[in-house]
Amino acid sequence: MVEKFNSKVIEKKWQSKWSESNSFVAKKDLSKEKFYILEMFPYPSGKIHMGHVRNYTLGDVIARYKRGRGFNVLHPMGWDAFGMPAENAAMQNNIHPAEWTYSNIETMKSQLKLMGLSIDWSREFATCDKDYYHHQQKLFKKLFKNNLVYKKKSFVNWDPVDNTVLANEQVIDGKGWRSGAEVEQKELSQWFFKIKDYADQLLNDLDHLNHWPDKVKLMQKNWIGKSEGCYLRFDILDKTHKKIDQQLEIFTTRPDTIFGASFCAISPMHPLAQKISETDKIIQKFINEQSSSAVNEESVARTEKEGIRTNLSVKHPFIKDKFLPIYIANFILMDYGTGAIYGVPAHDQRDFEFAKKYDLEIIQVIKNKDGKDNIDLVEAYTEDGEVINSDFLNGLSIEEAKKTIISKLEELKIGSKQVNYRLRDWGISRQRYWGCPIPIIYREDGEVIPVPDDELPVSLPDDIDFDSPGNPLEKHPTWKHTTCPETGMKAVRETDTLDTFVDSSWYFMKYCSENIQNHSFDDEDLNYWMPVDQYVGGVEHAILHLLYSRFFSKALSDSGVGSFNEPFEGLFTQGMVCHETYKTKKGEWILPSDTYEKNNKFFRLETNELLTKGPSESMSKSKKNVVDPEAIINTYGADTARWFMLSDSPPGRDINWSESGIKGAWKFINKIWSLINENKEIFQISINGNEVETENYINLKKMTHKNLKDITKSIESFQMNVAVAKIYEMTNFLTTFKAKNNLERSALKESIKILIRVLEPMTPHLAEECWSIIGHDSILSGQKWPEFDKNYVIDEFASVVIQVNGKKRAVIKIENNAEQEEILEQLKIIKNTQIPDDLSKIRKIIFVKNKILNLVL
RNA sequence: GGGGAUAUGGCGGAAUUGGUAGACGCGCCAGACUCAAAAUCUGGUGCCUUCGGGCGUUCCGGUUCGACUCCGGAUAUCCCUACCA
């Protein structure tokens, strides 16, 4: 009886060996084809969770497989280390953010190392490292110089009690998460990246990303939200319909419906609205109500449409004596289009609701599909149709009408065709301490100057006070005061820090520099490794992180850094790790490790209390349905955990963690382990056999090479669960195979070697140990991925299905490429009531070689 | 409200891309080993059946010699998004 696989000892042994021989340290080598595999780097929150285990196992399989295929692989790891949780910890536990962050990194790094990942740790960094953010400040300056950064006023969530800016996720039901105070909208001057300048490129280049999931591309497309329409300027009239010296510019995608317009509406934030409110108390009150309430997006969408009529109106450009009253309305967004619209109630649902409420005219200008018009509409008609009631546009299609009206507007110089995007410029200012300082100073004469290179980095001060509210950098007694290096004038530093999304928008480039401490890029390194060939991470980053990274690559390459357009050649989004939930009668969530099962019922360990089992959901701390990876690795080992993560579900879908699943994986590891140990003798003798090839021998060869072919294909196409199934098949065959002569014995040796080799990406420790048991060095010292032998993947017999009227009735085993006549001959032998003896009854025969013969009666 | 994805045994899931549905794993059943249990090993396992066969990939319909696969419609679940003019 073979002893169980001792994961503790064996895994540690191989991890040390790999580390000592720098097995995973990547070196630029122009003679080899490179492969850059990257998983999204973790936030150092404290401990690793199962989601990390799945993500990094998947990436590691690819990394190891590609090495086996002879690629020069880069597989690095780092830490997304700036951000709010560190500041929260600082406030709650009185610990410095840096200390909290670096100690978490240490813990998590040691946990990741237990997994046996083939990572080049020499390139590791954290985004809060001074070297990292030094480099980031330089990149910021490059973008600044290239005119891709600007400052503008913008609204933030303001907590009036804590005197602090809140992130959206810190606003709960319109109240500050700490103070509970009603959140206000406050206007601050903030920094922005001009991502909108790249909207078209970001949209069009999606077409070239052939190895990205379609759903992610679609999400990005919708997020960018390109729409074609036109701007249109109206003269504004006062209540006596006299022109005042001002115009209203609106944006519409439906200029074809201009004859159906019955009002204009502007955002409460619109300059015109602001101006009116200066003299009109009622309007001022309305505007104030709107700006204080609008916080939670979901509730915003449900809020009833409300507006207030102003004394102003505009003149319809094509209808004599028609005036459209101007409303200030809560559903008009200032940051889309021009913050002003004209309302066409008959053909826009929001305008329709608004018109019903305020009793405005509803004029139908597109004919319904059923041909009716001017009926009492119960909702807006937004579909296609013929233009009616529209003077010179009558009879045209919507598309034709759009073209006609736009050229008319352009001719009259009151409007122009315009492409508009939903995408807004990226606000990067954060009023927080734990982030990258923005390298800008404000001189006393009002000049805004980037900090010169020789004064970089602008470092975060260590002595920082979190006890009083507000931005800690702002409150620091000395930090912000400085002098202008050129003039010697007094100056103050920018106290905003950069959004952490900036940190993660270029970290993959930083890994490319071999000397990681160096805070400038080696362009050759960068252009050798970039782009990332395969990026793996959660779909929750499908929009922001990936879009920002794409923007950064483009903007930096335009600013002279790197010469690649897209950062991620291939993208894979893996599913989540789920677990059932357990709850006491009182509604308290219970950790799976604190439960036991009896007769299909679950009980709490200490109290024997009966628990209610909830459905399997994504693991989350709040519902306590989490399993600690370190505990699993301690009990079963890293290879078991890795194998389980790969085996049960396709990588793109959610996986359900289960006790029986992990036990099954453990069983498999030991099955391999005893297969090798029980057969190790045959590896110690050299075999010279001149025996003839037996059927047994050929079957073994066929099984091995067919499976090898399938395993390779499955890994290439990210179907790890299928690769696992094929490995099971191979293992089951080999464990029951009885070699009867030397030829068979040598074939068994070969098959076992192939099995171990293909296991290496998935269960590397086990594979390495088995490899050494059969008398070889490390697999990693140049042991290539095996090629399957074509001769053994073709069968000389084919199973041809006999169908009658398309239904399967029999299967004939016949030599490969047998012709129709041969099979018809064989039919006579088959006894099946459905197959006619008399072939003259057959109307038609469909024959596909080696597949089917269908008799149509 | 808008956009998207998914639906196959008791469960997780395969299916050469229109050609033998249910590979492989879990679970379950039976047997072997054992004083016994666990572990391990062997075999069986979609449903119905009068043992001829019949029915089966959420439901309804279509294309086809042939549909899990393509098309149209419905239902359910999940994800993303949030008044985008």
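In what follows, chains are A, B, ... by sequence order, proteins preceding strands, each numbered from 1.
Nucleotides of RNA chain B nearest to A:Ser658 and A:Ile332 differ in position, and the one nearer the 5' end is that of A:Ser658. The residue among A:Arg422 and A:Ile846 whose nearest nucleotide of RNA chain B is located toward the 5' end is A:Ile846.
Counting only heavy atoms from C-beta outward, the side chains of A:Val216 and A:Thr573 approach each other to under 4.5 Å.
Using atom P as the reference point in both B:U8 and B:A15, the two lie 15 Å apart (nearest Å). For the P atom pair drawn from B:G61 and B:G46, the interatomic distance equals 28 Å after rounding to whole Å. On the P atoms, B:A39 is 13 Å away from B:C29, given to the nearest whole Å. One C1' atom belongs to B:G44, the other to B:C35, and the distance between them is 29 Å to the nearest Å. Look at the C1' atom in both B:G4 and B:G18: the space between them is 26 Å, to the nearest Å. Taking atom C1' in both B:U57 and B:G13, one finds a spacing of 13 Å when rounded to whole Å. The same atom, C1', is picked in B:G56 and in B:G2; the two are 38 Å apart, to the nearest Å.
Evaluation of atom-type donor-acceptor distances gives no pair under 3.5 Å for the side chain of A:Gln349 against the base of B:G1. At a cut-off of 3.5 angstrom, the base of B:C84 holds no donor-acceptor pair with the side chain of A:Arg350. Judged by distance alone with a 3.5 Å cut-off, no donor-acceptor contact links the side chain of A:Lys663 to the base of B:C26.
As the counterpart of B:C26, B:G10 is assigned, both hydrogen-bonding distances of the Watson-Crick or G-U wobble pattern falling under 3.5 Å. Pair assignment for B:U77: B:A5, on the basis of Watson-Crick or G-U wobble contacts that are both within less than 3.5 Å. Using Watson-Crick or G-U wobble geometry with both donor-acceptor distances under 3.5 Å, B:A37 finds no partner in any strand shown. Pairing for B:G46 is with B:C55, a Watson-Crick or G-U wobble pair whose two hydrogen-bonding atom distances lie under 3.5 Å. With a cut-off of 3.5 Å on both Watson-Crick or G-U wobble distances, the partner of B:A15 is given as none. Across every strand in view, B:C68 sits unpaired, with no contact that passes the Watson-Crick or G-U test at under 3.5 angstrom.
Residues A:Tyr342 and A:Asp351 have side chains that never bring a donor and an acceptor to within less than 3.5 angstrom of each other. Judged by distance alone, the side chains of A:Ser616 and A:Asn656 do bring a donor and an acceptor atom under 3.5 Å apart.
Within residues 729-738 of chain A, the residues having any heavy atom closer than 4.0 Å to RNA chain B are, in order of number, A:Glu729, A:Asn732, A:Thr736.
Among the nucleotides B:U6, B:C65, B:U81, the one closest to the side chain of A:Lys844 is B:C65.
As judged by a 4.0 angstrom heavy-atom cut-off over every strand, A:Leu218 is placed among residues touching the sugar-phosphate backbone only. Among the protein residues, A:Asn656 comes within range of no part of the nucleic acid, since none of its heavy atoms lies under 4.0 Å from any strand. As judged by a 4.0 angstrom heavy-atom cut-off over every strand, A:Lys726 is placed among residues making no nucleic acid contact. Base engagement by A:Ser799 is indicated by at least one non-hydrogen atom pair under 4.0 Å involving a base atom.
In this structure, A:Tyr231 and A:Phe251 have perpendicular ring planes: the angle between them is above 60°, well past the 30° mark.
For the side chain to side chain donor-acceptor pair (under 3.5 Å) test, no residue two or more places apart in sequence or in another chain qualifies with A:Trp223.
Around NZ of A:Lys663, the count of heavy atoms belonging to other residues, nucleotides or ligands within 6.0 Å does not exceed 12.
For A:Tyr728 and B:G25, the shortest distance from a side-chain N or O to OP1 or OP2 is not below 4.0 Å.
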